[in-house]
Amino acid sequence: MVVVHLPAFLEPFTPPSPLKLPSACRNASFVHSGDLGSSHALWWSPRDEHRQPDTVLLFIPGNPGLVDFYIPFLSSVHEQHVSSNLAIVAHSHLDHYAGIENKPETRYSSDEFLSIQIQCSIEILDGIIRSYTKDTKIILVGHSVGSWIILQVLKHRTDSIKAAFLLFPTVSNIANTPNGKLLSPIFMPWSRHILSSLSFLIGYFPRSCFARMYPSWPEQQLSVLHYFLSSKQSIFAALSMGAEEMRTIKRLEDHVLEENIEKLFAYYAQRDDWIGAESRAIFTLLNPDGQSSRLVQGPVDVPHAFCISERSKSVSVGRYS
């Protein structure tokens, strides 16, 4: 049996409904400042556990922000990385994970469900910085709105970050995208309260029902979804964060991209209904001559929600880091 030791900035944690994890991976929690509480985290130790990691990858998920969805993807990155000394820490968004209940809910206001995740991401990044030497490379990887959070983190900690990878990035005018327009009603205040209050009904639906509804989903991803939908707190937090995304993420912050151009890489789907026309500006910036490896468009069968697809392992950041 492989014993995975946690770094000092993470706490041991046993989920109420544990998933089967790869041997190099362990559940953990991160304790945030003040009265914010804790968030769920996953830690992949270096393949050579007798040495300190030379690279630490911090992964920031999309919405809903559950890192359990990304276990196959991150395990693939960990296994395929050229160095045996890569460590990975992935943390769920605060209050999105049903296995950790932080109370009271009034510890931050109703319009801070997105902005509080920036603070939480900076705190865990600072934990990494404190735990390792300046020679340790820190890489950020974010999916969907996690990419926008990465850009905000870069504003505050750019000197500490070696590279940043934006996967299917939703970094501007989300409300005007096809999915933003289609799904905007579920982010309304009354919708959030009604939908989250119906979470108790999930207990009456066997997991086989979800398998019939989502036949292409891997079994473990169905378990993650079922557990998420059974939590009133998780549903409300995810929908409230989505509402703030619609209000907050407007104009493309091209100055942030320009100031960090040497550190940025991006991966896009062939078609993505969560991404608007401004993606062309990122294409031009990262790939002005059409030959740069800084920007990749994936195969046609890799969707925005790649983490719940059997194709999740085909999305790789290892060769850039």
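Computed from a predicted structure; not experimentally measured.
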Return the minimal non-hydrogen interatomic distance between I129 and I138, and the atom names on each side. CG1-CD1, 3.7 Å

If the condition is ring-ring contact (aromatic ring centres under 6.0 Å, His included), which residues does F228 pass it with, not counting sequence neighbours? none

Show your reasoning for whether side chain to side chain contact (heavy atoms under 4.5 Å, CB included) applies to I118 and I116. CA-CA 5 Å; I118 302 170; I116 206 70; over 6 Å; no

I249/N173 under side chain to side chain contact (heavy atoms under 4.5 Å, CB included): CA gap, chis, key distance, verdict: CA-CA 6 Å; I249 303 177; N173 289 320; over 6 Å; no

Please step through side chain to side chain contact (heavy atoms under 4.5 Å, CB included) for the pair C307 and F73, ending with a clear verdict. CA-CA 7 Å; C307 57; F73 163 66; 5.7 Å; no

Report yes or no: do V31 and L36 belong to one cluster of Ile/Leu/Val/Met/Phe/Trp/Tyr joined by side chain heavy-atom distances under 4.5 Å? no

Hydrophobic cluster identity match, L295 and V300, side-chain contacts under 4.5 Å: no

Same cluster or not: are I186 and W274 linked, directly or through other Ile, Leu, Val, Met, Phe, Trp or Tyr residues, by side-chain heavy atoms under 4.5 angstrom apart? yes

Using atom types as modelled and distance alone, determine if a side-chain donor or acceptor of S191 lies under 3.5 Å from a backbone N or O of F187. no

Is the ring pair H193/F236 parallel, tilted or perpendicular, if the boundaries are 30 and 60 degrees? tilted

Could you tell me which residues satisfy side-chain contact (heavy atoms from CB on, under 4.5 Å) with A98, sequence neighbours excluded, listed by chain and number? Y227, S231, S234

Looking at every non-hydrogen atom in both residues, tell me the closest pair between I308 and P218 and how far apart they are. O-CD, 3.4 Å

Using the rule that Ile, Leu, Val, Met, Phe, Trp and Tyr join whenever any side-chain heavy atoms are under 4.5 Å apart, tell me whether I71 and Y214 fall into a single cluster. yes

pair L252-I282: side-chain heavy atoms closer than 4.5 Å: yes

Can you pull the salt bridge (Lys or Arg N to Asp or Glu O under 4.0 Å) pairs that have at least one residue in residues 147-165, sequence neighbours excluded? D126-R157, K155-E253

Verdict with supporting geometry, T55 and N85, side chain to side chain contact (heavy atoms under 4.5 Å, CB included): CA-CA 7 Å; T55 303; N85 291 323; over 6 Å; no

Once ring-ring contact (aromatic ring centres under 6.0 Å, His included) is applied, do any residues pair with H93, and if so which ones, sequence neighbours excluded? H96

Output the distance between atom CD1 (I161) and atom CD1 (I139), rounded to the nearest 0.5 Å. 11.0 Å

Hydrophobic clustering (ILVMFWY, side-chain heavy atoms < 4.5 Å, transitive) - are L183 and M213 grouped together? yes

Side chains of F9 and I128, heavy atoms from C-beta outward: is any pair under 4.5 Å? yes

Hey, would you say the F168 and F306 ring centroids sit under 6.0 Å apart? yes

Over all heavy atoms of both residues, which pair between S121 and I149 is shortest? Give the atoms and the distance, please. OG-CG2, 3.6 Å

Has Q117 got a side-chain atom pairing as donor or acceptor with F113's backbone, closer than 3.5 angstrom? yes

Where the side chain of S92 meets the backbone of V67, is there a donor-acceptor pair that is under 3.5 Å apart? yes

If the condition is side-chain contact (heavy atoms from CB on, under 4.5 Å), which residues does A175 pass it with, not counting sequence neighbours? M246

Heavy-atom side-chain proximity of L74 to F59 below 4.5 angstrom: yes

Evaluate the side-chain proximity of L6 to P12: yes if any heavy-atom separation is below 4.5 Å, no if none is. yes

Does the side chain of P53 come within less than 4.5 Å of Y132's, by heavy atoms? yes

Could you check whether any side-chain N or O of K232 sits under 3.5 Å from a backbone N or O of L195, counting only pairs where one atom can act as donor and the other as acceptor? no

Okay, side chain of S230, backbone of I202: is any donor-acceptor separation there less than 3.5 Å? no

H78: partners by side chain to side chain donor-acceptor pair (under 3.5 Å), with sequence neighbours left out: none

side-chain contact (heavy atoms from CB on, under 4.5 Å) with V89: which of L125, L57, I124? I124

State, yes or no, whether a side-chain contact exists between Q297 and F283 at a heavy-atom distance under 4.5 Å. yes

Is the backbone of L229 close enough, under 3.5 Å, to the side chain of S199 for a donor and an acceptor to pair up by distance? no

May I ask you to decide if L114's main-chain N or O and E244's side chain share a donor-acceptor pair within less than 3.5 Å? yes

Among pairs that include at least one residue of residues 60-70, which meet side-chain hydrogen bond (donor to acceptor under 3.5 Å, both in side chains), considering only residues two or more places apart or in two chains? N63-E245, Y70-H143

Mark yes or no for whether S196, through its side chain, and R192, through its backbone, hold a donor-acceptor pair below 3.5 Å. yes

Side chain S184, main chain K181, donor-acceptor under 3.5 Å: yes

Is any NZ, NE, NH1 or NH2 atom of the basic residue among E262 and R294 found under 4.0 Å from an Asp or Glu carboxylate oxygen of the other? yes

side-chain hydrogen bond (donor to acceptor under 3.5 Å, both in side chains) assessment of E11 paired with S38: CA-CA 10 Å; E11 298 285 338; S38 301; over 6 Å; no

Residues two or more places apart in sequence or in another chain: which of them pass ring-ring contact (aromatic ring centres under 6.0 Å, His included) with H40? F13, Y97

First locate atom CG of L166, then atom CG of L151, and finally report the distance between them rounded to the nearest 0.5 Å. 5.5 Å

Would T158 and N260 count as a side-chain hydrogen bond (donor to acceptor under 3.5 Å, both in side chains) here? Give the steps. CA-CA 8 Å; T158 185; N260 295 278; 2.6 Å; yes

Heavy-atom nearest pair, H5 first then R26, reads CA-NH1, 4.4 Å

Looking at every heavy atom in both A164 and L154, which two are closest together, and how far apart are they? CB-CD1, 4.3 Å

Please check this pair: side chain of Q233 against backbone of I100, looking for a donor-acceptor N/O pair closer than 3.5 Å. yes

By side chain to side chain donor-acceptor pair (under 3.5 Å), which residues pair with E112, not counting sequence neighbours? S109

Counterpart residues, ring-ring contact (aromatic ring centres under 6.0 Å, His included), relative to F30 (two or more places apart): H32

Side chain to side chain donor-acceptor pair (under 3.5 Å) partners of S75, counting only residues at least two apart: W44

According to side chain to side chain donor-acceptor pair (under 3.5 Å), who are the partners of E258, at least two apart in sequence or on a separate chain? none

Would you please test K103 and D95 for salt bridge (charged side-chain N to carboxylate O under 4.0 Å, His left out) and show each step? CA-CA 10 Å; K103 295 181 180 180; D95 292 339; over 6 Å; no

Minimum heavy-atom separation for T170 and V145, please, with both atom names. OG1-N, 3.0 Å

Side-chain heavy-atom pair I150, I60 within 4.5 angstrom cut-off: yes

